[in-house]
Number of protein chains: 2
Amino acid sequence: MSTASYHHGDLRAALLREAEVELSENGVEKFSLRSVAKRAGVSHAAPAHHFGDVAGMLTALAAEGSRRFLATQLKCEERAKTPEERLLESGVGYVEFACANPALFRLMFGSRRANHGDRDLHRASEAAFDHLIDNVSAITGKRPEDDRTTRMMISRVWSQAHGLADLLLSGSPRYVADLPPDEREAAIREIISGSFAEK
Amino acid sequence: MSTASYHHGDLRAALLREAEVELSENGVEKFSLRSVAKRAGVSHAAPAHHFGDVAGMLTALAAEGSRRFLATQLKCEERAKTPEERLLESGVGYVEFACANPALFRLMFGSRRANHGDRDLHRASEAAFDHLIDNVSAITGKRPEDDRTTRMMISRVWSQAHGLADLLLSGSPRYVADLPPDEREAAIREIISGSFAEK
DNA sequence: GGCGAATCTGGACAGCGTCAAGATCGAATT
DNA sequence: AATTCGATCTTGACGCTGTCCAGATTCGCC
């Protein structure tokens, strides 16, 4: 509670907050545990007691990111009325999240520094994937276990949104990135919805 | 020439070779310049004379990777006869390269450790992008500068292939990754070709 | 009130990237 | 043919990193 006590009180949460700042400023590759500790005004070895090692901290960060990732999609889906619209807005949320949290997004999908075998992280990513499955199943009327078309549609839709997001982060697809905001979002919608055809 | 001479002879190429081994074994994030020097049997400061710093080495590696990336696509296109087939096989080559060189692929697109402003690297990535443009233009009959449909198709096709590749590397899309080899390639073809519709 | 467990500190160690100074060699010049 | 010069490579140093360890501090429970 007090500002200068030996025990912090809620160091774990504070470290996670600072870790996200560190991540967005320095990226996954230059992420430094000691720097996070310094940001939180705490000794360099303090994080170990809450996260074990740097992989543990990044894993916790990725898990929290995954939950917010799903939350962003759910929020975007509120403006949808049909299953098709829901899937589309979910994809828009996918890309929006990536653009708003580039380093976190890369940590979640690309990085070998996080422990993707971790239970909590695995559950969190799984939840996001399950939601995508539900959204597609609501359109095809079938579950992926029973229907190849549904499986293919899931793969296609996910790849499309993910590829657009990742390319936008890498600064590659100039035809989309260079657009003014409103046209840009329209283009994103157009690209994503292009992958909805059932066959 | 001789095995134990003070001057190596072709250290730059040797370092680049070992750097790729290091990259595929340790990934971009744990890539170590000293480790590469050790692999090449040379002092820890030797690489600096050929690449400046670690970013320079990774940049050279990414540039070489980009050229091989384009070469892989061109090779795959040889089995195509129509423009549509050419674009499809090019996409298959895109995914194939990513799966065969995961760390290199991630370095080329995702990493902040390479200097993407570098001239040589920029030219190499640009060449790959230009080739994609040509492949799409051959189908639509128009150049992207003049035609929005062509621009959108480029973005869509590229995102689709890139997303599929990146998700396969992250181990996420089980419906594709878990397939036996032949069905797997068929699924990849199906997913990529799904993004070809002009509207 | 005291005791055990959790939390945090400070020091140590090896490995990292980078810089500077010196050793070695190839090749061009004289 | 000897010498000089620039390119190449080594060695040592510095500050940074992640991780381990022993000790100090504090919380919660008995």
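So that the names make sense, note that chain A is the first sequence line, chain B the second, and so on, each numbered from 1.
The pair A:R79-A:E89 counts as a salt bridge, with a side-chain nitrogen and a carboxylate oxygen less than 4.0 angstrom apart. Contact check on A:R68 versus A:E20 returns a salt bridge, with a Lys/Arg side-chain nitrogen under 4.0 Å from an Asp/Glu carboxylate oxygen. Salt bridge A:D120/A:R67: present, at least one basic N to carboxylate O contact under 4.0 Å.
Taking only side-chain nitrogens and oxygens, B:H50 comes nearer than 4.0 Å to OP1 or OP2 of D:dC9. OP1 or OP2 of D:dG18 has at least one side-chain nitrogen or oxygen of A:S32 nearer than 4.0 Å. Using a 4.0 Å cut-off, no side-chain N or O of A:S43 falls inside it from OP1 or OP2 of C:dG10.
Using a 4.5 Å heavy-atom cutoff, the side chains of B:E190 and A:R148 are in contact.
In terms of position along DNA chain C, the nucleotide closest to A:A46 lies nearer the 5' end than the nucleotide closest to the other residue of the pair A:A46 and A:R34. Each of B:L11 and A:V54 has a nearest nucleotide on DNA chain D; the 5'-most of these lies closest to B:L11. Map A:G52 and B:D10 each onto its nearest nucleotide of DNA chain D; the residue landing nearer the 5' end is B:D10.
Put simply, CG on A:L33 is 5 Å from P on D:dG18, counting in whole angstrom units. For A:R12 and C:dC8, the CZ to P distance is 12 Å, given to the nearest whole Å. Counting to the nearest Å, the P atom of D:dT19 and the CG atom of A:L58 are 10 Å from each other. Between the NZ atom of B:K38 and the P atom of D:dT11 there is a distance of 13 Å, given to the nearest Å. In this entry the distance linking CG of B:N26 with C1' of C:dG15 reads 13 Å, nearest Å. Rounded to an integer number of Å, the gap from CZ of B:F51 to C1' of C:dT18 is 16 Å. If you measure from atom NZ of A:K30 to atom C1' of C:dT18, you get 13 Å, rounded to the nearest angstrom. Spacing between atom CZ of B:R113 and atom P of C:dG17 amounts to 7 Å, rounded to whole angstrom units.
Candidate nucleotides D:dT8, C:dG17, D:dT19 were compared by shortest atom distance to the side chain of A:D53, and D:dT19 ranks first. Counting only heavy atoms from C-beta on, A:H44 has its side chain closest to C:dA12 among D:dA13, C:dC16, C:dA12. When each of D:dT8, D:dC21, D:dT17 is scored by its nearest atom to the side-chain atoms of A:A45, the top-ranked nucleotide is D:dC21.
The aromatic rings of B:F105 and B:F69 stand perpendicular to each other, their planes meeting at an angle above 60°, with 30° marking the opposite boundary.
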